[in-house]
Amino acid sequence: SVLRHRRRAFSKARLVMWQGSAPAGLDVFYPIFPDSDWIARMVPLGLRTVQLRLKDADDAEVRRQIVQARDVCQAHGCQLVVNDYWQAALELSCDYIHLGQEDLAVADVAAIKHAGARLGISTHSDEELELALSASPDYVALGPVYETKLKVMKWAPQGLDRIGHWKKRIGSVSLVAIGGITPERAPGVLNAGADSLAVITDFITAPQPMTRISEWLELAKAWRNSDY
């Protein structure tokens, strides 16, 4: 049955050699949410790291949502990463920023570092990786590892070999994998060298997103407790 298949898949997914230990302040499971209401609902389940990725919001709404997400995360001991809106994030005492390549080109990285905030940067190509590393990030994200349906990407799927290649190139910088990652695919991604798994589509499109998040947390707990 489908249920038996999923149980077998989750059992296999627990058997993974996660090498990390809260790399760059990130948990192995790193869900990305489209708004602060999602964060308010899901963080109390036990999430340790989340990203707020707002799109097309005005300044007042951006600040309202950052404050809501910040307060929920602080109350539950969860690390909040704010995507793109670095100035508002710093002004509102958030300490972790994620920048895409377009945002990186116009952001004041020195100001982010001066504020004591950590920084993650998206990469998809060798050129983008060089630009990211020049900013001395705390983590580099590589994607899409697999095809993703939630976001139209101009980049072809990177594949597992690319994860290992990226990890060798970035050395001690943490590596976040993103794009089409499911519980069934997660062990291969972690064993290839990823320190953390950024996940969106898998739970956003699930019939019961809260249940799906709980399943991910069960796996993350097993990975964190691994003796490998």
Side-chain angles (χ1 to χ4, degrees), residues 23-43 47-74 76 78-113 115-124 128-129 131-132 135-145 148 150-155 173-181 194-204 209 213:
L26 303 178
D27 189 30
V28 63
F29 177 48
Y30 179 9
I32 297 176
F33 295 107
D35 59 51
S36 58
D37 288 339
W38 271 93
I39 288 176
R41 291 199 309 272
M42 299 302 175
V43 163
L47 293 173
R48 296 188 181 186
T49 303
V50 298
Q51 184 183 125
L52 175 62
R53 187 163 79 178
L54 294 170
K55 297 295 179 185
D56 303 320
D58 63 31
D59 185 64
E61 181 63 10
V62 166
R63 290 172 181 273
R64 184 192 71 78
Q65 293 210 33
I66 289 176
V67 167
Q68 182 186 15
R70 179 200 67 194
D71 291 351
V72 168
C73 288
Q74 285 180 350
H76 293 273
C78 177
Q79 175 65 62
L80 172 64
V81 182
V82 177
N83 186 301
D84 186 9
Y85 297 101
W86 63 272
Q87 289 162 303
L90 295 182
E91 289 170 14
L92 295 168
S93 302
C94 296
D95 60 1
Y96 220 131
I97 311 294
H98 179 93
L99 297 175
Q101 288 287 317
E102 292 180 2
D103 304 320
L104 176 63
V106 296
D108 188 341
V109 173
I112 294 172
K113 296 297 182 71
R118 287 175 163 176
L119 177 63
I121 300 174
S122 296
T123 66
H124 310 86
E128 290 187 353
L129 179 59
L131 285 171
S136 301
D138 294 276
Y139 77 78
V140 164
L142 171 66
V145 177
T148 178
L150 195 65
K151 185 178 180 183
V152 177
M153 301 290 290
K154 67 177 181 178
W155 306 99
V173 177
S174 291
L175 178 60
V176 174
I178 185 170
I181 300 173
D195 296 300
S196 186
L197 307 174
V199 179
I200 314 168
T201 308
D202 183 73
F203 66 82
I204 287 283
I213 291 279

Determine whether a donor-acceptor pair (N or O, by modelled atom type, separation under 3.5 Å) exists between the side chain of Q101 and the backbone of T123.
no
For L54 versus P34, what's the shortest heavy-atom pair and its separation?
CD2-O, 3.5 Å
So V109 and L104, side chain to side chain contact (heavy atoms under 4.5 Å, CB included) or not? Walk me through it.
CA-CA 8 Å; V109 173; L104 176 63; 3.7 Å; yes
Please report the closest heavy-atom contact between I39 and C73, naming both atoms and the distance.
CG2-SG, 4.1 Å
Regarding D37 and R41, does a basic nitrogen lie under 4.0 Å from an acidic carboxylate oxygen?
no
Give the intermediate values and the outcome of side chain to side chain contact (heavy atoms under 4.5 Å, CB included) for residues V50 and L80.
CA-CA 5 Å; V50 298; L80 172 64; 4.0 Å; yes
Interatomic distance, L197 atom CG to T49 atom OG1 [nearest 0.5 angstrom]
11.5 Å
Determine whether the side chains of E91 and Q87 contain a donor N or O and an acceptor N or O closer than 3.5 Å.
no
Keeping R118 on the side-chain end and A24 on the backbone end, is there a donor-acceptor pair under 3.5 Å?
yes
Compare every heavy atom of L47 with every heavy atom of F29, then report the nearest pair and how far apart it is.
CE2-CD2, 3.6 Å
H98 and its ring-ring contact (aromatic ring centres under 6.0 Å, His included) partner, picked from W86, Y30, Y139:
Y139
Verify, without hydrogens or angle tests, whether E128 (side chain) and H124 (backbone) share a donor-acceptor contact under 3.5 angstrom.
yes
Side chain of D138, backbone of G120: donor and acceptor closer than 3.5 Å?
no
Distance only, no hydrogens: is a donor on one side chain within 3.5 Å (strictly under) of an acceptor on the other, for Q65 and D35?
no
S196 side chain to D27 backbone, donor-acceptor under 3.5 Å
yes
So CD1 of I112 and CG of L119: to nearest 0.5 Å the spacing works out to 5.5 Å
Roughly how far, to the nearest 0.5 Å, is SG of C94 from CG of L52?
8.5 Å
In this structure, CD1 of I66 is separated from OH of Y85 (nearest 0.5 Å) by 8.5 Å
So, for P209 and I204, which heavy atoms are closest and what is the spacing to 0.1 Å?
CG-O, 4.5 Å
To the nearest 0.5 Å, how far apart are CD1 in I178 and CD1 in I32?
3.5 Å
Can you tell me how the ring of W38 sits relative to the ring of F33, calling it parallel under 30°, perpendicular over 60° and tilted otherwise?
parallel
Dump the intermediate steps for side chain to side chain contact (heavy atoms under 4.5 Å, CB included) on L92 and R63, then the final yes or no.
CA-CA 8 Å; L92 295 168; R63 290 172 181 273; 4.0 Å; yes
Please give me the minimum heavy-atom distance between A177 and V145, naming the atom from each residue.
CB-CG2, 3.8 Å
Please evaluate residues D195 and L26 with respect to the criterion side chain to side chain contact (heavy atoms under 4.5 Å, CB included), reporting the C-alpha separation (whole Å), side-chain torsions for both, the decisive distance (0.1 Å), and the verdict.
CA-CA 9 Å; D195 296 300; L26 303 178; over 6 Å; no
Out of curiosity, C78 SG to R70 CZ, how far, rounded to the nearest 0.5 Å?
14.5 Å
